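One structure is given below, encoded as structure tokens.
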Amino acid sequence: TLLVGTTSLINGAALFPNLPYDAARQLRPVVSLADLPIFLSISTQKYTAKTLREFVDTAKKTPNLNYGSAGAGTTLHMSAEWFKTATGIQATHIPFKGGGPEVVALGGGQVDFAMENLGAVQVMVQSGRVRLLGVASPARHPQAPDVPTFKEAGLPDVNLATWIFLMAPAATPDAVVTLLNRTLNDILKQPDTKDKLLAQGFVQTGGTVEEMTLRMKAEAALWGAVIKNANIKID
């Protein structure tokens with residue numbers, strides 16, 4: 001049995017103190033599959049900013065600033081909290097019951113900004129109701145090459161993507177994990193695999209088990225700090 005996991009498998013322990021499982025003990029990494037990069041998205045109904053720095057300067061002077069998310073504890077919510085800390089802006093979180101209502105509110109100007117996935121806001125961007133000012137990933141997104149990374153825009157180099165990866169039971173033999181890792185890396189390198197992932201906004205990753213293990217530790221520390229600093233609690 002294999003598990004396709006997401007970022008929530010890494011930050012779950014920090015969000016939910018009484019989880020009925022211990023992912024770090026019961027599972028082992030197999031291979032990184034793909035990233036779904038997250039963009040700083042602003043409502044053009046309320047802001048004319050063309051750059052991330054311009055928006056931050058305006059936001060710091062804006063009373064009652066708010067941001068939307070698909071729900072408390074989601075990667076999008078925590079990414080926005082990271083953004084607040086990194087820029088020093090103050091904004092109130094408005095959680096929605098899913099990404100659909102939140103994106104509609106962003107496009108209509110009911111919320112000021114959001115950290116969002118490209119696919120979710122693409123229609124709003126094309127209609128001019130939402131503008132993308134930066135992507136929180138190490139490289140620009142192939143489908144939005146004109147949008148700078150956070151580092152290019154003057155913020156810390158960070159990867160806040162929703163991460164998709166493969167896990168196996170902890171007792172899975174090393175030889176099996178090695179075979180799965182090698183086979184899936186070969187599949188991820190195929191052009192049609194890349195294209196199908198990219199069509200949904202995903203950027204294929206791949207890599208070794210060791211690289212995945214190090215990233216999981218780094219992300220656990222990153223999200224753990226965000227959750228603690230923002231005092232995010234899920235009832």
Side-chain angles (χ1 to χ4, degrees), residues 5-25 27 35-43 46-47 52-53 55-106 109-117 120-121 133-137 150-151 153-165 214-235:
T6 68
T7 307
S8 59
L9 198 65
I10 299 172
N11 59 39
L15 283 173
F16 303 96
N18 299 312
L19 281 177
Y21 61 86
D22 183 348
R25 182 178 61 84
L27 301 172
D35 280 347
L36 187 59
I38 295 174
F39 291 76
L40 171 65
S41 313
I42 68 169
S43 169
K46 302 182 71 173
Y47 298 96
L52 188 151
R53 182 53 56 190
F55 173 71
V56 170
D57 291 342
T58 300
K60 287 182 176 179
K61 304 171 187 176
T62 303
N64 303 316
L65 190 75
N66 63 51
Y67 73 90
S69 83
T74 60
T75 305
L76 302 176
H77 171 206
M78 292 186 290
S79 295
E81 288 296 334
W82 181 94
F83 179 73
K84 285 171 54 181
T85 300
T87 58
I89 67 173
Q90 300 296 317
T92 300
H93 177 215
I94 309 246
F96 287 81
K97 293 182 179 180
E102 179 266 314
V103 169
V104 171
L106 177 66
Q110 284 77 49
V111 295
D112 298 306
F113 73 95
M115 295 290 282
E116 261 299 348
N117 301 315
V121 294
L133 297 183
V135 59
S137 62
F150 275 17
K151 183 179 181 180
L155 292 182
D157 188 12
V158 70
N159 188 3
L160 303 179
T162 298
W163 186 22
I164 313 296
F165 46 80
L214 289 174
R215 180 175 173 182
M216 292 188 82
K217 291 179 179 178
E219 293 221 355
L222 169 68
W223 295 120
V226 170
I227 291 165
K228 182 178 179 180
N229 292 339
N231 194 29
I232 299 174
K233 295 180 179 179
I234 308 298
D235 297 329

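Please read these numbers as outputs of a predicted model, since none were measured by experiment.
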Can you tell me how far [atom2] of [Y] sits from [atom1] of [X], rounded to the nearest 0.5 angstrom?
X	Y	atom1	atom2	result
N229	T85	CG	OG1	6.0 Å
T74	F96	OG1	CZ	12.0 Å
M78	N11	CE	CG	3.5 Å
L65	Q90	CG	CD	9.5 Å
N117	I38	CG	CD1	5.5 Å
E81	Y67	CD	OH	3.5 Å

Closest contact, heavy atoms only, [X] versus [Y]:
X	Y	result
F150	P156	CB-O, 4.1 Å
S41	E116	OG-CB, 3.8 Å
A70	G99	CB-N, 3.6 Å
A14	I227	CB-CD1, 3.6 Å
L15	G73	CD1-O, 3.5 Å
S69	H77	OG-CB, 3.8 Å

Do the side chains of [Y] and [X] get nearer than 4.5 Å, heavy atoms only?
X	Y	answer
L155	R53	yes
L27	L9	yes
F165	M216	yes

Side chain [X], main chain [Y], donor-acceptor under 3.5 Å:
X	Y	value
K84	A91	yes
K46	V111	no
S43	L106	yes
N159	A161	yes
D112	N66	yes

Exercise for the section: Give a yes or no on this: more than 12 heavy atoms of other residues, nucleotides or ligands lie within 6.0 Å of atom NZ of K60. Expected result: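 Yes - once you tally the heavy atoms of other residues, nucleotides and ligands closer than 6.0 Å, there are more than 12.
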
Exercise for the section: Decide if atom CG of N64 counts as having more than 12 heavy atoms of other residues, nucleotides or ligands within a radius under 6.0 Å. Expected result: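 No, not enclosed.
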
Practice task
With side chain to side chain contact (heavy atoms under 4.5 Å, CB included) as the test, would you mind laying out the steps for L160 and T75 before giving the verdict?
Solution key: CA-CA 8 Å; L160 303 179; T75 305; 5.8 Å; no

Handout entry: Parallel, tilted or perpendicular: rings of Y47 and F55 (30°, 60°)
Key =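 F55 vs Y47 ring planes: perpendicular.
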
Exercise for the section: Check step by step if side chain to side chain contact (heavy atoms under 4.5 Å, CB included) holds for W223 and S79. Expected result: CA-CA 9 Å; W223 295 120; S79 295; 3.6 Å; yes

Practice task
Assess whether side chain to side chain contact (heavy atoms under 4.5 Å, CB included) is satisfied between W163 and R215, documenting all intermediate values.
Solution key: CA-CA 10 Å; W163 186 22; R215 180 175 173 182; 3.4 Å; yes

